[in-house]
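Below you'll find the structure I mean.
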Amino acid sequence: MTGKQNGKRSAPPSLGPSKKRKLSSKPGKQLGLKKYPTKLKENGKEKLSDRGTIPIPNADDADDIDLSDQDLDVFKEYGGAASFLTSLDKKGITRSKKEIERLHRLNKPVRQVVDDDLPSVDSDDEKDDDGSFGGSDIESLSSLDDDLELSDNYDTSDAEMAYEKAPRKRHPSWETEEDRGIKGLPIKLPSGDVRPTGKVTFAPAIDGGEESSESEEPESALEEQSQKVDDVSTGARFGRPAVIDVVLNKSKVARIHIAKEQIAAICQEIVSDPENSLGLLRRLHTFSLSEITTPSHPDPIPNDPIIRKLAMLSQLAVFKDIIPGYRIRALTDKEKAEKVSQMVARTRDWEQGLVTAYQTYLHSLEAELKARSGLADIALRSMCTLLKEATHFNFRVNLMSCIVARLSKRSWDSSSELCLNALIHVFREDLTGVVSLEIVRLLNRMIKEKRFNVHSEVLSCLLHLRLKTELGVRASDSSVDEPPKKESSSKAAARRAKGKSTELRHLSKKAKKALKEKHEIDKEFREAEAEVDKEERAATQTETLKLLFVLYFRILKNPRRTPLLPAALHGISKFAHLVNIDFFKDLLAVLKESISRESDDDDDTADPTVTSANNIRHRLSCIVTAFELLSGQGTPVISIREALNIDLSDFISALYALILPLSLMIDIDTAPPPLGTGTKPAKTQSVSDMLFRTLNIVFSPRSLGATAPPGRSAAFAKRLLSASLHWPPPTAQRALEFVGGLIAKDPKLEALLFTKDRTFDGIYRPDLDDPQLSNPFGTSFWELHALRERHWDAKVSAEAERILSIVIS
């Protein structure tokens, strides 16, 4: 009553502990499913965690819940996703945490106790003082028995399985044969003593080969799998069949058709986006290989020659389009280490990849040239095209070397003409002179190694060098080969200390630093303007001119006659205005020696009247070169001769001696066949053309002043008229025209047109080859009357009549 008055509930009576408990007859009690005593909170409420089950809220009370329209819309839209809630285990959900833990402890397997005579492990002595086991042991055993009765359904066997008895495998390298045995565990006797059993079990040795094979098998399988995967250059990518599948196609028509389509598509993608098409470049190059090998097909498979040809030409067209307008250089270590933006890094990767692909393509072309295969002509044509179109790009020296090496043979064919035209195109388009210098250096080295045994047409390309029009330096008494040397700062300081004048003014450290910075800025501005520096071009062309004349002079001084001599003489005569005046005497001496050597060769022939056309051409070329060498300096030849004390009478006498032997040459008007086989073969001159060209140069006012000496003119006129009696009509007509010009220039020659008596000293000596000693005024031009009256050609007779009528009138 008191508890109710105070508003508190009286505590339930406590149950006393009972040592003996009766087992309930209900199955739930036999399984130990007992109800937990409920605990109350201080305020009298029961804890939910202490219950065995927690009731689920009643679903019938859902009508009392007010739902908004928005909730109803969400339920209508997503209500189907909550259907899984109806299939949940309601009984499992209602269990509390304590009930779940109790069930886990109940279902835990329990080991079965083996009856033995051994004392408890926890006991220190074998027996108690009274000779019986302790009471605690009895209670534990009884509790175990109860548990065993309750868990008859579980497997509590403690017998060792076969895998537990087997020792683990040990590697033979771990220990010796004696230590390989594994000793068994010791046993404990009833007396409490521990004794080893002495049982030794030998573990099976692991075979090294099996272990390595087992361990390496997955790694090797992965490696083989990774190796067998074809990359973008050979595999099936971008919706296209693999390269090896195209080549292995049995039908030739289908194989070529598929290859054409794939190559065309690859080229189109590369040209549209070059920076992201390095893999396609490698794939395109794969089609041009002679043998194709891939990771999936390691055996080489021969490629179709038609596919290779198409791939080579396609690569040529692609590289012509995607090659940038600048030279790509290798990155330095410092540039590689520095941090750059993503765009710069991508551009660098593309540039290096492009250079690598271009180099690989050039290697394949060079291999075809060296092997002299069926695609050698295609490879040579591709290299010539790249040299003309991409002269500024990388590996131009390699292209030049291959083309120059092709010109080193003595024969001449269409491939030689192709290489020559490529070099001529490069010479004409070269603005800086650097490329021309490299080609001249390669030609000089090649001709020297071949000992001048190359075709004479090789040197004709040097006539197209841009030296005559751009290198505006004329030979003079001062040196023009070396630029004037600037005085160094140390010498200027020494002269300044002595009180002497100097070109360099004194600069402080601050002024020197500012001047250096100004030079660097000016250099950057010049590079940005991309204009050709005239000073650098003049220096480069001067070096080219040195190598050119070294080559020409080496050919002239060669003791043996070479086929390059006419081309060398032609080159010297063309660039005569650029020859230094200090070389004049030596060069003229070499030309005289060459003329005398040709004359000795003519004298050694079996028939002295028969003169070789080549020897005559060489001698005429030497004479023309000697006179053009002096006439190309901008001043009259007679002034230079007087200043340098040069005598050209030997060259004039050599020309005079050639006229009579030429009168016996049948094919004097016939020009030799052109050397070139291209669309525009080089024009060649006949012996008649060279003869009259030489005569015009020798008797021109620029060479000999106003007029030639009368004796020399009369001697040449008399010998030309004598030879015209045997020459064909075209040559005879040209000779008469030249004689008429000499008579018009010098009136003293008109005395030789009449046969009436006149006084003269001595007689005419036609057998002498010196025009000064032949005494031409001791005879007359009776050949004009013979040509007018008896020559069978009307044009020749008319020309002789014209000369005689002019003089008579």
Is any side-chain heavy atom of Leu556 closer than 4.5 Å to a side-chain heavy atom of Leu587?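 They are in contact (side-chain heavy atoms under 4.5 Å apart), so the answer is yes.
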- Might you work through the side-chain hydrogen bond (donor to acceptor under 3.5 Å, both in side chains) test for Ser416 and Asp413, ending with a clear yes or no? CA-CA 5 Å; Ser416 303; Asp413 52 7; 2.9 Å; yes
Judged by atom type as modelled, is there a donor-acceptor pair below 3.5 Å linking the side chain of Thr779 to the main-chain atoms of Pro776?
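No.
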Kindly determine whether Ile803 and Phe781 satisfy side chain to side chain contact (heavy atoms under 4.5 Å, CB included), including the steps that lead there.
-> CA-CA 11 Å; Ile803 296 174; Phe781 293 159; over 6 Å; no
Where Leu380 and Cys419 come nearest, the two heavy atoms and their spacing: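 Where Leu380 meets Cys419 most closely, the heavy atoms are CD1-SG, 3.7 Å.
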Original post:
Just checking, any donor-acceptor pair under 3.5 angstrom between side chains of Ser653 and Asp650?
Top reply: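 Ser653 vs Asp650: no donor-acceptor pair found between side chains.
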*Please name the pair of heavy atoms, one in Leu620 and one in Val687, separated by the smallest distance, quoted to 0.1 Å.*
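So the minimum-distance heavy-atom pair works out to CD1-O, 4.3 Å.
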- Query: Which is it for Cys384 and Arg381 under the side chain to side chain contact (heavy atoms under 4.5 Å, CB included) test, yes or no, and what are the steps along the way?
  - Reply: CA-CA 5 Å; Cys384 293; Arg381 188 177 299 275; 5.8 Å; no
Is a side-chain N or O of Ser713 found less than 3.5 angstrom from the main chain of Pro710, in a donor-acceptor match?
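Pair absent, no side-chain N/O of Ser713 close to backbone of Pro710.
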Nearest 0.5 Å, what's the CD1-CZ distance between Ile555 and Phe452?
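The CZ atom of Phe452 is 6.0 Å from CD1 of Ile555, to the nearest 0.5 Å.
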Any chance you could lay out the salt bridge (charged side-chain N to carboxylate O under 4.0 Å, His left out) test for Arg719 and Asp769, step after step, and finish with the verdict?
CA-CA 10 Å; Arg719 183 157 286 196; Asp769 292 334; 3.5 Å; yes
Close side-chain approach of Ile616 to Met665, heavy-atom, < 4.5 Å: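 Ile616 reaches Met665 side chain to side chain.
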Exercise. Show your working on salt bridge (charged side-chain N to carboxylate O under 4.0 Å, His left out) between Arg441 and Glu543 and close with a plain yes or no.
Key: CA-CA 10 Å; Arg441 188 178 288 115; Glu543 186 67 23; 5.1 Å; no
Exercise. Measure the spacing between CZ of Arg451 and CG of Asn558 and express it to the nearest 0.5 Å.
Key: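 Here the rounded value is 10.5 Å.
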If the threshold is 4.0 Å, N to carboxylate O, is there a salt bridge linking Arg445 and Glu449?
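No salt bridge links Arg445 with Glu449.
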Counting C-beta onward and ignoring hydrogens, is there a side-chain heavy-atom pair between Leu655 and Phe651 closer than 4.5 Å?
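No; the side chains remain at least 4.5 Å from each other.
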Using a 4.5 Å cut-off on heavy atoms from C-beta on, say whether the side chain of Leu569 contacts that of Val624.
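They are not in side-chain contact.
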Side chain to side chain donor-acceptor pair (under 3.5 Å) partners for Ser460, two or more places apart:
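Side chain to side chain donor-acceptor pair (under 3.5 Å) list for Ser460, sorted by chain: Glu457.
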Item to check | Residue pair Ser663 / His726: nearest heavy atoms and the distance that separates them | outcome: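 Reported closest heavy-atom pair: O-CB, 3.4 Å.
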Quick one: closest heavy-atom pair of Arg617 and Thr670, and the distance?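 Distance-wise, the nearest heavy atoms are NH2-O, 4.3 Å.
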- prompt: Are Met383 and Leu369 side-chain neighbours, meaning at least one heavy-atom pair lies under 4.5 Å?
  reply: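 Yes - at least one pair of side-chain heavy atoms lies under 4.5 Å apart.
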Between Trp727 and Leu662 (side chain of the first, backbone of the second, donor and acceptor by atom type, cut-off under 3.5 Å), is there such a pair?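 Present.
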Query raised in the report: Could you give all pairs that pass the salt bridge (Lys or Arg N to Asp or Glu O under 4.0 Å) test and reach residues 734-744, with sequence neighbours left out?
Result: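 Output for this query lists Asp689-Arg734.
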- Quick one: does Ser436's side chain have a donor or acceptor within less than 3.5 Å of a partner on Gly433's backbone?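 Pair absent, no side-chain N/O of Ser436 close to backbone of Gly433.
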*Expected output: side-chain Asn696 to main-chain Phe692 donor-acceptor under 3.5 Å*: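 Yes, Asn696 side chain to Phe692 backbone: donor-acceptor pair under 3.5 Å.
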Check your understanding: Distance-only, no hydrogens or angles: does the Asp793 side chain make a donor-acceptor pair with backbone N or O of Pro729 under 3.5 Å?
Key ->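 Absent.
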Between Phe553 and Val590, is the side chain to side chain contact (heavy atoms under 4.5 Å, CB included) condition met? List the steps. CA-CA 9 Å; Phe553 295 163; Val590 173; over 6 Å; no
**Prompt:** Distance from His618 atom NE2 to Ile623 atom CD1, nearest 0.5 Å?
**Reply:**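 His618 atom NE2 to Ile623 atom CD1 measures 13.0 Å (nearest 0.5 Å).
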Euclidean distance, Glu389 CD relative to His425 NE2, rounded to 0.5 Å:
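So the NE2 of His425 and the CD of Glu389 are separated by 6.5 Å.
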Counting only heavy atoms from other residues, nucleotides and ligands, does the tally under 6.0 Å from CZ of Arg765 exceed 12?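 No, the 6.0 Å shell around CZ holds no more than 12 heavy atoms from other groups.
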May I ask you to test the Leu467-Leu548 pair for a side-chain heavy-atom distance under 4.5 Å?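 Yes, at least one pair of side-chain atoms sits under 4.5 Å.
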Problem set entry | Stepwise side chain to side chain contact (heavy atoms under 4.5 Å, CB included) test for Leu459 and Ile447 | CA-CA 10 Å; Leu459 293 183; Ile447 293 173; 3.6 Å; yes
Judged by atom type as modelled, is there a donor-acceptor pair below 3.5 Å linking the side chain of Asn421 to the main-chain atoms of Glu417?
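A pair under 3.5 Å: yes.
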**OP:** To the nearest 0.5 angstrom, please state how far the CG atom of Leu443 sits from the CD atom of Glu438.
**Re:**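 Those atoms lie 12.0 Å apart.
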*Leu399 and Leu387: which non-hydrogen atoms are nearest, and at how many Å?*
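Smallest heavy-atom distance, with atoms named: CD1-N, 4.0 Å.
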Hey, does Val739 have a side-chain heavy atom less than 4.5 Å from the side chain of Leu784?
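No, too far: nothing below the 4.5 Å cut-off.
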Contact summary for Cys622 and Leu591, nearest pair of heavy atoms:
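Looks like O-CD1, 4.0 Å.
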Check your understanding: Does the side chain of Leu752 reach to within under 4.5 Å of the side chain of Lys718, using non-hydrogen atoms?
Key ->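 Not touching, per the 4.5 Å side-chain cut-off.
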Partners of Leu725 by side chain to side chain contact (heavy atoms under 4.5 Å, CB included), sequence neighbours excluded?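 Listed in chain order: Trp782, Glu783, Leu787.
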When you measure from the side chain of Lys795 to the backbone N and O of Gln733, does any donor-acceptor pair fall under 3.5 Å?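 No, the answer is negative, given that no donor and acceptor are paired below the 3.5 Å cut-off.
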Checklist line | Test item: Arg466 side-chain N/O and Phe427 main-chain N/O as donor-acceptor pair under 3.5 Å | finding: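 Checking the backbone N and O of Phe427 against the side chain of Arg466, no donor-acceptor pair under 3.5 Å is found.
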Say you draw a straight line from CG of Leu578 to CD1 of Ile572; how long is it, rounded to the nearest 0.5 Å?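 Taking CG in Leu578 and CD1 in Ile572, the distance rounds to 12.5 Å.
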If you take the centroid of each ring, where Trp contributes its six-membered ring, are Phe716 and Phe699 closer together than 6.0 Å?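 Close enough - the centres of the two rings lie under 6.0 Å apart.
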